[in-house]
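The structure appears right after this line, and notes come after that.
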Amino acid sequence: MTTLYARFAAHIDAALDALEAEGILAAGVDRRNVTVEPPRDASHGDLATNAAMVLAKPAGMNPRVLADALTAKLGALDEVSSVDVAGPGFINMRLSEDAWRSEVRMIADAADNYGRSTMGAGKTVNVEYVSANPTGPMHMGHCRGAVVGDALASLLQYAGNKVIREYYVNDAGGQVDVLARSVHLRYREALGEDIGEIPEGLYPGAYLVPVGHKLATHHGDKFVTAPESDWLVLFRETAVADMMDMIRADLALLGIHHDVFSSEAVVQREKKPEAAEAFLRERGLVYDGELEAPKGEVDPDWEPVTLPLFRSTQFGDDQDRPIRKSNGSWTYFGADMAYHFQKAQNADALIDIWGADHAGTVKRIKAAVEALTGGTKPFDVKLVQMVRLLRGGEPVKMSKRAGNFVTLADVVREVGKDVVRFTMLTRKADAQMDFDFAKVVEASKDNPVFYVQYAHARICSLKRKVAEAGIDAGTPDLSLLDATDLQLAQLAAQFPRIVESAAVAREPHRIAFYLYDLAAAFHAYWNAGNDDPERRIFLVNSAQTTSARLFLASAIGQVIANGLSIMGVAAAQEM
RNA sequence: GCGCCCGUAGCUCAGUUGGAUAGAGCACGAGCCUUCUAAGCUUGGGGCCGCAGGUUCGAAUCCUGCCGGGCGCGCCA
């Protein structure tokens, strides 16, 4: 038993096969653009397909002729009550009520698995997200990418992919040396020294105090006056490890757990960049050359230097990119390139979630992945736009310098994990968004989190009431569901295709918008009972109808719960 | 100067990958609670989908050029 939309896609495919066998349709015409969807206007029918229009031209046929031939086949199906051709060649189908009833039953049978797809065919997708520098706690700047990446990973799993959730720890650059020096100050402080103001350029945050204490406890004062070379590595590794513990704890507050943490330092220690460079040099994709002077503001200190450059212009970049600095060490890009090569070894496809401020480097890394994998590993970079933090419409002031940035932990503590996660998914990732502390906790339909939760809570409440009344809802007679009831089923039946299209587009926000629509339809259904008592779900005088409608309502609740689970949001039992 | 993203109702945003008469919420107007959660529902007005061309049966969606906004353009990370 397959879901309704999947089944009709198969029906249409079979009908086209039959037409090919009968010689009506030329064989081998590409069917990829054929779709089955609900028509925009419900008066057109329950399902529509564009098959005739899409296939007519490549098959050298008149769309109406093809549509008529298809119509004859589709009209013969038991589930179809009527078919007609409209406009330029749309085929509109109206389904029997039993088709929708059986979909309701299917939701109940599949339960937590309703909407799961095999589309991903078990292919492994590596999703790299967060990857915040290990120099302090998570702040709100990291939040959206974290939620979008995590929800996308869940979505892909739901759509049939194996998923690796990965975090790239940038523990090899200059910023972790700065971290180590900042910790050295805190270490001296822990030993009783008055360190005064934290100098410009070091991390001022108090979160480094415990790291200093720990080092003081373990090592006493032997590094106080020692040269930096004696303690830098130890302090750096200790600090990074502690920062990563903090970050993991922060992510756990959002329900986020990565499978793999990859260290940039380890990538370098294992000579991965050297291997990548050698591979690319062999193919003439790395060469020694000079960079052009930067455009825009003229830097008086600019001097041309010969560096090993990756030929990213060959893949559409504006400029070839250096993989090593003049001192011989790896650039961020040089190491990152090797890191992506490493990820590609264990996955069929790669996805990175980046902040929009890194948009400028997308081309070079895509170029590198293409060069290193010969284009065999699809690789997407999803950019996540900035979030503006507001409180009652006023921007929240933040200063990184002063160390008073808004931490993720604070926000989760204030408004809750579910609100943060849902809200972050109520916009396309590449659109800027506002996050207003006042609005996201508002209990109104202005706030989609509550609106969707409320629908689920109402359904749960209903189940409790019916159970308390001692009605046996075990074997409902679904023939008691009428056309009005079944409209809800039609919307619920779309869930599997929403999951698939969201997974293909890599846009988890579509789940949020769909759930909002479904919740709206349920609230309307519920309220119909306020105007007309006969339309209530719980009818005291009819256990039969009550159990049928409760079965339907439970199915809606199931779909809401499944959607929320993809988003990582709890389905409220009561509110 | 160059690159990326964006431009849809007064405001905040969707728009099923090119489909039929472009949709929600907020705000504004008019209604709906003795009984399943009114934290809700019903209903009205409101649009040159930034502009101009192009591609085709068909464009908010794809291409080109403008206009306007955001982000980014170092051997940083």
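In what follows, every heavy atom counts, from backbone to side chain, and hydrogens, waters and symmetry copies are set aside. Residue numbers begin at 1 in each chain, while the letters A, B, ... track the order of the sequences.
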In this structure, how many angstroms lie between the [atom2] atom of [N] and the [atom1] atom of [X], rounded?
X: Y514(A); N: rA14(B); atom1: OH; atom2: C1'; result: 16 Å
X: D357(A); N: rG72(B); atom1: CG; atom2: C1'; result: 8 Å
X: Y454(A); N: rC41(B); atom1: OH; atom2: P; result: 9 Å
X: N50(A); N: rU17(B); atom1: CG; atom2: C1'; result: 12 Å
X: Y516(A); N: rC13(B); atom1: OH; atom2: P; result: 15 Å
X: E264(A); N: rC76(B); atom1: CD; atom2: C1'; result: 12 Å
X: L155(A); N: rU16(B); atom1: CG; atom2: P; result: 16 Å
X: F522(A); N: rA38(B); atom1: CZ; atom2: P; result: 11 Å

_Identified salt bridge (Lys or Arg N to Asp or Glu O under 4.0 Å) counterpart of D434(A) within the set R391(A), R144(A), R388(A), R427(A)_ = R388(A)
Pair of N/O donor and acceptor under 3.5 Å linking [N] base with [X] side chain:
X: R497(A); N: rU16(B); answer: yes
X: N92(A); N: rA20(B); answer: yes
X: S326(A); N: rC75(B); answer: yes

For [X], report the nucleic acid contact type (base, sugar-phosphate, nothing); a contact means any heavy atom under 4.0 Å.
X: A48(A); answer: base
X: S461(A); answer: base
X: E574(A); answer: base
X: P63(A); answer: nothing
X: G174(A); answer: sugar-phosphate
X: A505(A); answer: base
X: T546(A); answer: nothing
X: Y332(A); answer: base
X: H358(A); answer: base
X: A86(A); answer: base

Which of these nucleotides, [options], is closest to any side-chain atom of [X]?
X: D318(A); options: rG15(B), rC41(B), rG3(B); value: rG3(B)
X: K363(A); options: rG3(B), rA14(B), rA20(B); value: rG3(B)
X: R464(A); options: rC4(B), rU37(B), rC76(B); value: rU37(B)
X: N527(A); options: rU17(B), rA39(B), rC41(B); value: rC41(B)
X: N530(A); options: rC36(B), rA14(B), rG19(B); value: rC36(B)
X: D430(A); options: rC6(B), rU37(B), rC41(B); value: rC6(B)
X: Y451(A); options: rC75(B), rG40(B), rC36(B); value: rG40(B)
X: N170(A); options: rU17(B), rC41(B), rA77(B); value: rA77(B)

Now, which nucleotide makes the Watson-Crick or G-U wobble pair with [N], with each of the two distances under 3.5 Å?
N: rC62(B); result: rG54(B)
N: rC26(B); result: rG10(B)
N: rG72(B); result: rC2(B)
N: rU17(B); result: none

*Which of these passes side-chain contact (heavy atoms from CB on, under 4.5 Å) with W526(A): R458(A), R536(A), R535(A)?*
R458(A)
Separation between the [atom1] atoms of [N] and [M], rounded to whole Å:
N: rU16(B); M: rA22(B); atom1: P; result: 15 Å
N: rC13(B); M: rU8(B); atom1: C1'; result: 9 Å
N: rG1(B); M: rA14(B); atom1: P; result: 30 Å
N: rC63(B); M: rG25(B); atom1: P; result: 32 Å
N: rG23(B); M: rC49(B); atom1: C1'; result: 12 Å
N: rU12(B); M: rG46(B); atom1: C1'; result: 16 Å
N: rU61(B); M: rU21(B); atom1: P; result: 16 Å
N: rC48(B); M: rG44(B); atom1: C1'; result: 24 Å

With a 4.0 Å limit, can you tell me whether [X] has a side-chain N or O closer than that to the phosphate oxygens OP1/OP2 of [N]?
X: K325(A); N: rA77(B); answer: yes
X: W354(A); N: rC4(B); answer: no
X: K428(A); N: rC13(B); answer: no
X: R458(A); N: rA38(B); answer: yes

_ring centroid sep under 5.5 Å plus plane angle under 30, F513(A) with rA14(B)_ = no
*Are Y514(A) and Y516(A) close enough that their ring centres sit under 6.0 Å apart?*
no
*Residue whose nearest RNA chain B nucleotide is more 5′ - F450(A) or F333(A)*: F450(A)
*Between V176(A) and Y525(A), which is nearer to the 5' end of RNA chain B once each is assigned its nearest nucleotide?*
Y525(A)
*Looking at CG of L518(A) and CG of L491(A), how far apart are the two atoms once the value is rounded to the nearest 0.5 Å?*
5.0 Å
*Could you walk me through whether E500(A) and S117(A) pass side-chain hydrogen bond (donor to acceptor under 3.5 Å, both in side chains), step by step?*
CA-CA 7 Å; E500(A) 290 192 350; S117(A) 166; 2.8 Å; yes
_One pair to check against side-chain contact (heavy atoms from CB on, under 4.5 Å): R236(A) and L179(A). What are the steps and the verdict?_
CA-CA 7 Å; R236(A) 188 174 64 206; L179(A) 178 73; 5.9 Å; no
Donor-acceptor under 3.5 Å ([X] side chain, [Y] main chain):
X: D320(A); Y: T313(A); answer: yes
X: D46(A); Y: L95(A); answer: yes
X: D171(A); Y: E264(A); answer: yes

*Would you mind calling rU64(B) syn or anti? Take O4'-C1'-N9-C4 for purines or O4'-C1'-N1-C2 for pyrimidines, and syn is within 90° of 0.*
anti
*Please examine the side chains of L280(A) and M337(A), heavy atoms only from C-beta on, and report whether any two atoms are closer than 4.5 Å.*
yes
